[in-house]
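The structure under discussion appears below in the form of structure tokens.
Because only heavy atoms are used, hydrogens play no part in the values below, and waters and symmetry mates are left out as well, while side chains stay in. Throughout, protein chains are lettered first and strands after them, A, B, ... in sequence-line order, and every chain is numbered starting at 1.
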There are 2 protein chains.
Amino acid sequence: MKQKITIKTIAKELGVSTSTVSKALRDSHEISIDTKDKIKAYAAMFNYKPNSLALQLRNQKTKLIGVILPRIVHHFFSTVIKGIEQGASEKGYHIMVCFSNESYKKEVENLKVLSNGSVDGLIVSIAKETLETKDFTHFKDLVNEEIPLVLFDRVVDEILCDKVVVDDVGAGYKATKYLLNQNSLKIALITTPEHVNVGTLRRQGYERALSEKGISVNKKLIIEVEEKENIKAQIERVFDQDIDAVFAVNEIYAATAMRIAKEKGYKVPQEFSVIGFTDGLISEYSSPSITTIAQHGLEMGKQAVEVLIERIEKEAEVYEPKKIVISSNLKLRESTKPSS
Amino acid sequence: MKQKITIKTIAKELGVSTSTVSKALRDSHEISIDTKDKIKAYAAMFNYKPNSLALQLRNQKTKLIGVILPRIVHHFFSTVIKGIEQGASEKGYHIMVCFSNESYKKEVENLKVLSNGSVDGLIVSIAKETLETKDFTHFKDLVNEEIPLVLFDRVVDEILCDKVVVDDVGAGYKATKYLLNQNSLKIALITTPEHVNVGTLRRQGYERALSEKGISVNKKLIIEVEEKENIKAQIERVFDQDIDAVFAVNEIYAATAMRIAKEKGYKVPQEFSVIGFTDGLISEYSSPSITTIAQHGLEMGKQAVEVLIERIEKEAEVYEPKKIVISSNLKLRESTKPSS
DNA sequence: TGTCAACACGAAATCGGTTTCGTAAAATGA
DNA sequence: TCATTTTACGAAACCGATTTCGTGTTGACA
């Protein structure tokens with residue numbers, strides 16, 4: 001790379017001190033108009049840009065927010081990033097994005113690298129593997145060091161920090177209730193294994209809606225999809241039962257279930273209804289398009305970054321972790337019958 | 001934030017100089033075993049982490065790569081990010097991601113912020129607005145400053161830097177030829193306005209395949225979709241013509257076209273074939289699933305970051321800009337008839 | 001003409017590390 | 001015993017900015 005022009009260069013070239021140059025560029029009254037003009041002209045001519053590292057070191061802040069996500073090729077997470085970036089950008093921050101690839105080890109690594117002063121704060125959604133192992137010491141260390149941290153979507157109570165989540169229980173409840181209201185009473189639930197707690201919460205909503213209606217939960221109608229194995233085959237099994245609707249905790253499961261239903265000859269939505277989670281492109285463009293719980297990823301990202309920046313900029317008085325719950329809503333499409 | 005522990009703290013606490021601490025932690029032979037042990041133990045106990053800003057300033061490198069994308073909620077771009085991150089991570093680099101939102105102004109801003117020393121190099125895909133205005137001075141300035149830059153996917157010849165692109169002409173050719181071979185002779189092309197040159201290149205491939213077959217290009221079969229207006233309505237117009245296949249330059253257009261075809265009563269693929277571009281989730285999960293040109297975003301990201309890091313780390317001898325072309329291939333699915 | 005304030009600028013400290021060079025004390029060798 | 005080499009460490013420069021404090025020169029005023 002070409003030799004960068006620094007304050008020192010300008011000072012030497014113009015026969016003044018570095019302090020004078022610095023003050024001149026910041027328009028200090030201490031410097032005479034003549035000198036200021038000369039220095040500014042020189043700086044402009046050679047396209048001088050202050051070295052941000054030097055500034056960051058001196059000011060002890062980077063105006064950078066670290067973001068660690070389990071995945072990126074994923075509609076919900078990329079929407080959240082967009083929200084984070086928008087919110088950050090408005091406040092003059094930039095984002096550094098890393099991925100854990102759902103791996104515990106990579107998450108620990110990323111956290112270590114980002115917590116050595118390169119960012120002012122962190123926004124994280126926990127990796128699946130970490131949720132399984134339940135080892136959260138790397139997060140607790142961070143909290144101990146008092147590095148501002150916001151968790152979103154996949155969170156755990158053990159870690160004392162700000163959190164942003166969707167109302168998963170409520171969402172599961174809403175979806176299930178909608179299906180019940182349109183007279184689908186034999187509703188299968190396609191969810192994740194227990195350790196991914198968003199799945200568990202959505203399931204609670206499902207169960208609550210059923211029991212309100214006086215229907216007992218039939219475990220045979222609940223499939224916990226193990227992602228390492230063939231997803232379609234696992235979902236197909238639930239069709240051995242007598243069912244007339246499916247509530248799936250994500251888009252892929254919903255689309256897969258609908259496909260199977262169509263293959264089995266069901267007419268969607270007349271004979272069979274489907275509701276998914278996450279309002280992504282699959283739901284929008286499959287045919288029929290799929291009714292989903294909209295997760296408001298953009299909103300989540302914005303909220304997360306807002307809380308984080310507040311935490312960064314306000315000298316922490318008494319630290320009271322916040323939990324922001326974003327309510328989700330049903331986006332009606334063609335895979336369900338109109339509400340009665 | 002809690003007061004960070006620095007080398008100075010350790011030095012004072014242990015009654016040695018900062019140089020001794022630094023050397024001890026780096027396991028220098030100049031320091032006695034005893035002292036080293038003492039210092040290391042202290043550092044470990046208080047969880048000392050060297051401040052990365054200080055290191056970056058001293059070493060004049062950040063091990064950071066800036067990435068500027070037009071959009072993020074987009075299958076292709078998020079796949080590229082994944083590739084970039086993987087490649088970067090392997091070489092000990094991290095990525096800083098910004099978005100231009102297809103806006104010229106934001107692109108200029110991002111470029112300015114990232115080029116003040118905060119990153120060692122940049123990977124960029126140009127915003128649509130910039131492609132329209134054709135003002136590339138911000139990129140040229142970067143090249144003049146000799147900041148390593150790699151453009152991908154949306155590139156322009158004017159900017160003298162490394163580039164990674166897919167073989168858009170070849171891809172358009174392959175797709176069109178496949179349709180011709182299965183006896184679809186009245187192929188509509190749904191593409192972007194001219195300034196987005198990937199669209200133009202894919203169109204060239206389309207035209208070449210047609211003329212090889214002795215079919216003259218019918219302009220009425222070519223739709224240039226203006227994204228600000230209603231996409232579906234624009235695509236619908238081409239169905240006024242007598243057509244039996246569609247080649248679309250992206251997923252959304254392909255899915256929309258297929259939907260229209262089905263609404264008009266065509267049987268896909270028996271009576272009507274569809275080929276899209278970008279192998280995303282829509283193509284995979286729509287029904288019938290859509291045959292596409294796979295763009296190999298992951299591969300692109302990896303290649304881009306590899307070239308960039310090479311440029312960063314090799315003291316630029318003679319600078320000869322590289323252009324890497326990634327060949328794309330047809331991913332056959334249900335929206336086309338089997339190859340004859 | 002002497003005093004003091006205002007002006008315009010420079011020296012040096014600081015941020016948190018690394019690295020070169022210098023040196024006192026101990027060890028070695030003749 | 002004296003000269004020389006190691007050993008083990010510290011002082012200081014450096015990366016590129018900002019900022020405090022100090023100071024020489026003017027000009028104003030008594």
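- Side-chain N or O atoms of A:Glu102 include one that pairs as donor or acceptor with a backbone N or O of A:Lys128 at under 3.5 Å.
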Extract from the structure each pairing of a protein N or O with an N or O of nucleotides 21-28 of chain C at less than 3.5 Å, listing the distance.
none

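- Side-chain atoms of A:Lys4 never come within 3.5 Å of backbone atoms of B:Glu145 as a donor-acceptor pair (strictly under, hydrogens ignored).
- At whole-Å resolution of the value, CD1 in B:Ile31 and C1' in D:dT6 are 14 Å apart.
- Using a cutoff of 4.0 Å between basic side-chain nitrogens and carboxylate oxygens, B:Lys140 and B:Glu158 are scored as salt-bridged.
- A donor and an acceptor atom sit less than 3.5 Å apart, one in the side chain of B:Ser19 and one in the base of D:dA11.
- Ring-plane geometry between A:Phe77 and A:His74 is classed as tilted, the angle between the planes lying from 30 to 60 degrees on a 0 to 90 degree scale.
- The side chain of A:Arg26 places an N or O atom within less than 4.0 Å of a non-bridging phosphate oxygen (OP1 or OP2) of D:dT19.
- Distance B:Gln60 CD to D:dA17 C1': 12 Å, rounded to the nearest Å.
- One interatomic measurement links the two molecules: NZ of B:Lys38 to P of D:dA8, which rounds to 13 Å at whole-angstrom precision.
- Distance A:Ile33 CD1 to C:dC9 P: 11 Å, rounded to the nearest Å.
- The phosphate of C:dG17 has neither OP1 nor OP2 within less than 4.0 Å of any side-chain N or O from B:Gln56.
- If you check every strand for non-hydrogen atoms under 4.0 Å, B:Ser22 touches a base.
- An OP1 or OP2 oxygen of C:dC15 is reached within less than 4.0 angstrom by no side-chain nitrogen or oxygen of B:Thr6.
- In this entry the distance linking NZ of B:Lys63 with P of C:dG17 reads 19 Å, nearest Å.
- A:Asp162 places a side-chain N or O within 3.5 Å of a backbone atom of A:Lys322 that can act as its donor or acceptor partner.
- Of the side-chain N and O atoms in B:Lys8, none sit less than 4.0 angstrom from OP1 or OP2 of C:dT14.
- Here the CD1-OH distance, from A:Ile312 to A:Tyr93, works out to 4.5 Å after rounding to the nearest 0.5 Å.
- B:Asp37 places no side-chain N or O within 3.5 Å of a backbone atom of B:Asp34 that could act as its donor or acceptor partner.
- For the pair A:Leu53 CG and C:dT14 C1', the computed distance is 17 Å after rounding to whole Å.
- Mapping B:Val16 and A:Ala54 onto DNA chain D by nearest heavy atom places B:Val16 closer to the 5' end of the strand.
- DNA chain D lies under 4.0 Å from no heavy atom of any residue of residues 41-52 of chain B.
- In this structure, B:Thr35 reaches the D:dC9 phosphate: one of its side-chain N or O atoms is under 4.0 Å from OP1 or OP2.
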Please report the C-alpha distance between A:Val156 and A:Leu131 in whole Å, then the side-chain angles of each, then the deciding distance to 0.1 Å, and finally whether the side-chain contact (heavy atoms from CB on, under 4.5 Å) criterion is met. CA-CA 8 Å; A:Val156 293; A:Leu131 291 171; 3.8 Å; yes
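- For the pair B:Ile7 CD1 and C:dC15 P, the interatomic distance rounds to 14 Å; values are reported in whole Å.
- By the neighbour-count criterion of 12 heavy atoms within 6.0 Å, atom CG of A:Asp157 is sparsely surrounded, having that number or fewer from other residues, nucleotides or ligands.
- C:dG10 atom P lies 15 Å from atom NZ of A:Lys12, rounded to whole Å.
- The pair B:Arg154-B:Glu107 fails the salt-bridge criterion, with no side-chain N (NZ, NE, NH1 or NH2) lying under 4.0 Å from an Asp/Glu carboxylate O.
- A:Leu55 comes within 4.0 angstrom of sugar-phosphate atoms only, judged by non-hydrogen atoms across all strands, and of no base.
- Along DNA chain D, the nucleotide nearest to B:Thr20 and the one nearest to B:Leu57 differ in position, and the one closer to the 5' end is contacted by B:Thr20.
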